[in-house]
Protein chains: 2
Amino acid sequence: MERSTRQRTAIRNTIEQSERPLAPQEILALAQAEVPQLSLATVYRNLALLQEAGEISTVLLPGDSARYESVHLDHHHHFQCQKCERVFDIPGCVGDLLNSVPRGFVVERHEITLYGTCKGCGPTAKAGGKKRDVSGAATAHSHSHKSHGH
Amino acid sequence: MERSTRQRTAIRNTIEQSERPLAPQEILALAQAEVPQLSLATVYRNLALLQEAGEISTVLLPGDSARYESVHLDHHHHFQCQKCERVFDIPGCVGDLLNSVPRGFVVERHEITLYGTCKGCGPTAKAGGKKRDVSGAATAHSHSHKSHGH
DNA sequence: TCTTTATTGATAATGATTTCGCATTTGCGT
DNA sequence: ACGCAAATGCGAAATCATTATCAATAAAGA
């Protein structure tokens with residue numbers, strides 16, 4: 001059966017406790033604080049397991065590779081900082097104003113991504129600070145759990 | 001200086017005349033109707049040039065590779081069919097209801113992607129029809145040019 | 001504690017997309 | 001018509017995220 005390993009627990013906690021979607025690399029870096037020798041392959045293997053178990057969901061952003069977050073979150077969208085590249089959750093939804101599609105098209109799901117500057121990076125230059133920092137701290141929402149459906 | 005070649009013209013026309021964003025492979029397939037020996041490398045090289053020239057823009061969808069479309073289009077968003085995987089333009093915008101971001105965050109741009117079933121695929125099974133068809137015909141908007149700002 | 005086997009770590013392998021290298025072709029100004 | 005640099009074709013090479021290998025490790029029940 002499914003065993004409880006230190007690495008799996010670390011990975012799960014890292015995701016569950018994060019206030020924003022994390023990329024595999026970020027998860028690796030953060031979880032290594034708890035399990036130093038943790039391998040990226042293990043992160044991927046567990047992401048797959050946790051996903052099958054329905055504990056986490058995949059967050060896909062335009063032109064970027066997958067990130068993961070807890071499924072125990074209200075319906076929300078994402079904000080990616082154009083400087084630090086980190087992704088934050090934005091609570092709420094713009095509404096069902098999505099009926100403007102042409103005749104014959106049926107919408108089942110939607111994805112909204114906002115781009116700009118995050119709290120941490122402040123309203124300075126348009127861009128600049130290269131690459132991600134893998135750690136990160138800033139928060140964007142109050143982590144209100146449960147109660148889906150938008 | 002910049003020369004006018006048959007392949008460049010074919011590529012430009014293909015994109016300009018398409019009613020939806022096209023992936024490099026799709027552009028290759030469509031433009032080969034005009035220039036049979038066209039190479040994929042040439043498509044990529046010209047996409048870069050046309051983009052620098054400000055003629056086309058990149059369309060990025062969550063978890064998918066880049067597509068390209070003319071910049072001469074009103075502000076709009078995209079709809080991807082979950083069956084044929086083709087991407088259509090959806091005119092208009094849900095509005096500036098994007099002020100719901102947390103304090104300290106500044107939104108500069110947004111991206112909205114709708115998922116569902118397109119006109120051509122009809123409201124049948126949830127999914128199924130594998131892979132793209134590279135050609136495609138269906139239309140989703142009236143191609144009204146110019147007049148940005150949303 | 002012993003046994004079984006899920007799990008891990010390290011690394012090679014994939015698969016897909018995009019870029020390069022280079023010899024050949026071809027616009028385009030003269 | 002000439003000449004040269006831009007542009008092309010095609011295959012190799014580079015990226016990159018994700019997956020597969022496989023020997024070694026360590027949960028969990030007996």
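Every chain is numbered from 1 and lettered A, B, ... according to where its sequence line falls, protein lines coming before strand lines.
- Not one N or O on the side chain of A:His72 forms a donor-acceptor pair closer than 3.5 Å with the backbone of A:Ser70.
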Original post:
Given the rule in the ring-ring contact (aromatic ring centres under 6.0 Å, His included) test, do A:His75 and A:His110 qualify, once you have shown the distances and angles that lead to the verdict?
Top reply: CA-CA 11 Å; A:His75 175 71; A:His110 69 273; 5.4 Å; yes
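- Listed in residue order, the members of residues 41-53 of chain A having a heavy atom less than 4.0 Å from DNA chain C are A:Ala41, A:Thr42, A:Arg45, A:Asn46.
- One can place CZ of A:Arg8 at 15 Å from C1' of C:dG9, the figure rounded to the nearest angstrom.
- In this structure, B:Ile27 places its CD1 atom 14 Å from C1' of C:dT17, rounding to the nearest Å.
- The CG atom of A:Leu40 sits 14 Å away from the C1' atom of D:dA20 (whole-angstrom rounding).
- Note: CG (B:Asp64) to P (C:dT18) measures 10 Å, nearest angstrom.
- In this structure, A:Glu69 contributes its side chain and A:Arg20 its backbone to no donor-acceptor pair below 3.5 Å.
- Atom CG of A:Leu38 and atom P of C:dT7 are 15 Å apart (whole Å).
- Rounded to a whole Å, the CD atom of A:Gln32 is 9 Å from the P atom of C:dG9.
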**OP:** Spell out protein contact along nucleotides 24-30 of chain D as letters: B when the base is contacted, S when just the sugar-phosphate is, - when no protein heavy atom is under 4.0 Å; keep the 5' to 3' order.
**Re:** --BBS--
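- Under a 3.5 Å cut-off, the side chain of B:Thr9 and the backbone N or O of B:Thr5 do form a donor-acceptor pair.
- Not one N or O on the side chain of B:Ser18 forms a donor-acceptor pair closer than 3.5 Å with the backbone of B:Thr14.
- Under a 3.5 Å cut-off, the side chain of B:Arg8 and the backbone N or O of B:Arg3 do form a donor-acceptor pair.
- If you measure from atom CD of B:Gln25 to atom P of C:dT17, you get 7 Å, rounded to the nearest angstrom.
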Original post:
Hey, mind stepping through B:Phe88 and A:Phe105 against ring-ring contact (aromatic ring centres under 6.0 Å, His included) and telling me if it holds?
Top reply: CA-CA 10 Å; B:Phe88 301 87; A:Phe105 286 66; 5.2 Å; yes
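- Among D:dG9, C:dG9, C:dT8, the nucleotide with an atom closest to any side-chain atom of B:Gln37 is D:dG9.
- Checking side-chain atoms of B:Gln51 against main-chain N and O of B:Ser57 turns up no donor-acceptor pair under 3.5 Å.
- Judged by distance alone, with hydrogens and angles left aside, the side-chain atoms of A:Glu52 form no donor-acceptor pair with the main-chain N or O of A:Leu49 at under 3.5 Å.
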